[in-house]
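Labels below follow one simple rule: chain letters A, B, ... track the order of the sequence lines, proteins then strands, and each chain is numbered from 1.
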Amino acid sequence: MSNKPSNSHKPSLSQRAMQTVPRPENTASSAAYLEGLNDAQREAVLNTQGPLLMLAGAGTGKTRALTTRLAHILSSRLAWPSQILAVTFTNKAAREMKQRIGKLIGDEVEGMRWLGTFHSIAAQILRRHAELVGLKSNFTILDTDDQIRLCKQVIVDAGLDEKRWTGRGLAAMIDDWKNRGLTPEKVNKDEAWLFADGQAIELYKAYQGRLITLNAADFGDLLVHNLTIFQSNGDVLANYQTRFSYMLVDEYQDTNVAQYLWLRLLAQKHKNICCVGDDDQSIYGWRGAEVENILRFEKDFPGADIIRLEQNYRSTPSILAAASGLISANQDRLGKTLWTNREEDEKVNIRGVWDGEEEARSICDDIESEQQKGRSLNDMAILVRASFQMRAFEERFNTLGLAYRVVGGPRFYEREETRDAIAYLRLVRSHADDLAFDRIANKPARGLGGKTMQTIHQYARARNIPKIMASKMLIENGELTGAGKNKLSAFIQMVERWSAETQNQSPRDLTELILEESGYTDYWKNSKSPKAPGKLDNLKEVVQAVSEYETLEAFLDHVALVAEHNEGFADGQVWLMTYHAAKGLEFPVVFLPGWEEGVFPSQRTLDEGGLSALEEERRLAYVGITRAEESCRISFAANRHKYGRWESAPPSRFIDELPEDHVEIYSESGLYGNRTAASDTLLNFEAELVDQDYAASNTIWQRGKKAGGKSSSYAGHTAPSSPPLIEGRSKTIASQAPGQSQFNKGQRVFHQKFGYGKITHSEGQKLTVAFDHSGEKKVMENYLEAG
DNA sequence: GCGCAGCCCATTTTT
DNA sequence: TGGGCTGCGC
């Protein structure tokens, strides 16, 4: 756990951090809110002038320091609430910050109009100056799904093959540019070849043009339009620069280039910008976050002070040591030394098991045994790398009748029926919202098939007018006839009537009216889909959500920017979520299953990500371990049922990076000890490891194995009289009768990892196969299929 | 316009 | 393995 900042080119950072910045002589420094802060936190609160980087390790009381700082600025009258810009990434973080400041300073917090997410604040600014980028102030904010659909239209309109060039692909590329703050004019010409044979930038332009016609902005636009406005309207920028005398940014390691530029522009006048973050917890690189922003802070803001919060109040020494040891394998980091004065307790557990089912079973056994010892289910969490890993746990929970909750998953406002209902409201608000029109014009079916929609689309595109207008013209000039015409006409009349009703009815009543009259509710009532009852419930939820707003506008803005919805978790449930979802949370007991190569780090990362992606995976592991307060239990399975096939993967390289002194290995005797078919298989995959350069000569899990393994009673729990893990293994072994191979010499076979080959030698279940592409290898027969 | 069979694919997801 | 999408047939 050495504090060895490997970035030796930036020595001044650590040096600075060592220095104690003189505490300002300030009467407020004796204020009650400073009590109980440690030295670093106190400094972070009182050092208000000039740029400041607060490097806050996991569990070091970051939020406390940050909210106290704001309270201090306000109560010292350094600024009015309206002069403070405080940005977060999530609505949840913004809400929490507001609450906690409120506890310190009371109602004054209500005046903090510029406390919010990057996107909500950028949206506020953009609404004020929309005309400067060709929008009207009531522009629609598009979500990801709208973006993709619009991209698809742009691709089709450009006459490209929509199978080769997908909407999703174009949207991803445009997003990437926007994350980097690039308008079509600023994109490097070479990047035109990233998509559609050199037409990428043209498509980006076309997409932006469509957005203007639709009077819409996507998430990325909120920031990029702000930048455009600031850069070409000095007076507007100066206004905000003057207004924001203090700035505070949470989770700075997650900012993308556009957000960074936005902050830098705004901070130029007062330069009182405080960025809080932890480079070791940067896990959103794949979404455009640039760890570089935090690594480079000092250069960007000359004269910056750096404060490290390193005293951890969350975890035991072993957990901290494990996390610190692991993360020290990363090259690009500022380096911190987390420490704690908590008592040493249980070491970090590492357990190897036979397969995924057994992993779920053993973790659930642990959970039940903790529960019997009086621990609440709320206090335990299982964190996974990817959601496919959740199924095994959910199945096990259901079998045992253990209450659990999954955090994440499809969100309320992203569900089909919610989005449909919202599309109706959007269309009622703005008849120009073609994306809403496309979505619900024929849902429920009104006989408006692809042909009619096609005609409307082309007519509208040719004249650059909204589709509703195009529809009306097509009806009037007789280009549409028959049933299609009548149905379309009736639909438009309905929409217009609803729009008129906006004046007379509350948003809630209007929503109910629309869902009723449009036939949308009936559409689900008549549906035979097993999902229909749930969808109807969700529609009621939408009505409920709308009723909390005074205007349709307010509700729609909420929907666009606050994609979350209170689902109201019950108490007494085990938490199940991804590492990403767990960031910022903490639990007494944390289970980290699936530490195998290909699962964690993920296969995708191994295949194409390179070093930086691997480092991000490692940070993810760091985030996972540091969620644990008392007990952290890592496991890996020798075999895993994945995509309908059995796969065997070596333990994660991250396991070998954990410091030996702080971990304890519990491996089953059957797995590593006795010579059984199972252990042979393990020996075999160990051989494969050597092939692939994975296994260092003396890895942790091999040491565990050499030690003969410990008993399968785990972490001091009483082992069940008949260990449930036996069932799982015996079942698997039973399929392979010992001694006799089902394959013959010369037979063609297939192996998951090595592909096709021919058996050259057999010895029991150990077969030697000459693979077509991978050469000759010894493998166990249960990894082979007849080829 | 709908239903079904076959096909392809398969991380993480703050706004 | 299984969910989501597509293309075809009614």
Side-chain angles (χ1 to χ4, degrees), chain A residues 87-95 116-123 141-147 162-163 166-168 172 175 178-179 217-223 250-251 253-256 258-259 281-289 356 383-392 407-411 413-414 416 442-453 483-484 487 527-529 531 557-564 577-584 594 598-609 613 616-617 619-621 623-624 640-647:
Chain A
V87 261
T88 62
F89 276 86
T90 65
N91 293 289
K92 191 169 154 228
R95 219 180 311 123
T117 63
F118 274 101
H119 291 89
S120 71
I121 291 171
I141 300 170
L142 300 189
D143 65 19
T144 314
D145 193 63
D146 292 323
Q147 258 180 74
E162 59 175 315
K163 284 187 202 100
T166 63
R168 186 173 295 277
D175 236 26
K178 289 183 177 175
N179 284 337
D218 62 27
F219 286 127
D221 277 342
L222 297 176
L223 265 300
D250 194 13
E251 306 281 10
Q253 77 283 351
D254 289 337
T255 50
N256 62 32
Q259 288 156 340
Q281 292 187 67
S282 167
I283 54 174
Y284 283 101
W286 49 278
R287 268 186 138 260
L383 310 186
V384 296
R385 174 69 244 270
S387 36
F388 74 81
Q389 294 172 263
M390 291 185 181
R391 211 171 82 193
V407 179
R411 274 172 293 163
Y413 289 120
E414 284 168 7
E416 179 191 11
N442 198 38
K443 200 170 179 186
R446 298 186 176 88
L448 299 175
K451 189 100 186 295
T452 312
M453 293 297 276
K487 290 181 172 165
S527 162
K528 280 172 244 125
S529 157
K531 291 176 185 160
D557 237 31
H558 164 84
V559 170
L561 289 170
V562 188
E564 63 185 350
M577 66 187 105
T578 63
Y579 288 91
H580 286 90
K583 191 175 156 197
V599 175
F600 192 33
S602 76
Q603 196 56 50
R604 193 96 155 222
T605 299
L606 296 177
D607 290 345
E608 50 200 62
E616 185 155 311
E617 295 281 295
R619 291 194 290 268
L620 209 45
V623 167
R640 197 172 283 282
H641 209 37
K642 205 176 164 188
Y643 304 138
R645 290 188 176 280
W646 281 100
E647 287 189 1

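- Set against dC2(B), dT13(B), dT11(B), the side chain of A581(A) has dT13(B) as its closest nucleotide.
- Between K92(A) and I283(A), the residue anchored closer to the 5' end of DNA chain B is I283(A), taking for each the nucleotide with the nearest heavy atom.
- Tested against K583(A) for a side chain to side chain contact (heavy atoms under 4.5 Å, CB included), the candidates D254(A), L620(A), T90(A) yield a single pass: D254(A).
- In this structure, of dT12(B), dT11(B), dT15(B), it is dT12(B) that holds the atom nearest to the side chain of T578(A).
- Once the 5.5 Å centre distance and the 30° plane angle are applied, the aromatic ring of Y579(A) is found not to be stacked with the base of dT12(B).
- Base engagement by T605(A) is indicated by at least one non-hydrogen atom pair under 4.0 Å involving a base atom.
- Contacts of R604(A) classified as salt bridge (charged side-chain N to carboxylate O under 4.0 Å, His left out), with partners at least two apart in sequence or in another chain: E608(A).
- Distances from the side chain of K163(A) to the nucleotides dT11(B), dG7(C), dT15(B) place dG7(C) closest.
- Nearest to the side chain of E617(A), among dT11(B), dC2(B), dT15(B), sits dT11(B).
- Between R95(A) atom CZ and dT15(B) atom P there is a gap of 9 Å when expressed in whole angstrom units.
- Within the 4.0 Å cut-off from OP1 or OP2 of dT15(B), at least one side-chain nitrogen or oxygen of N91(A) is found.
- Among the nucleotides dT15(B), dT13(B), dT1(C), the one closest to any side-chain atom of Y643(A) is dT1(C).
- Counting only heavy atoms from C-beta on, Y284(A) has its side chain closest to dT14(B) among dT14(B), dT12(B), dT15(B).
- Listed nucleotides: dT15(B), dT12(B), dT14(B). Nearest to the side chain of S387(A): dT12(B).
- At the heavy-atom level, D254(A) lies under 4.0 Å from base atoms of the strands shown.
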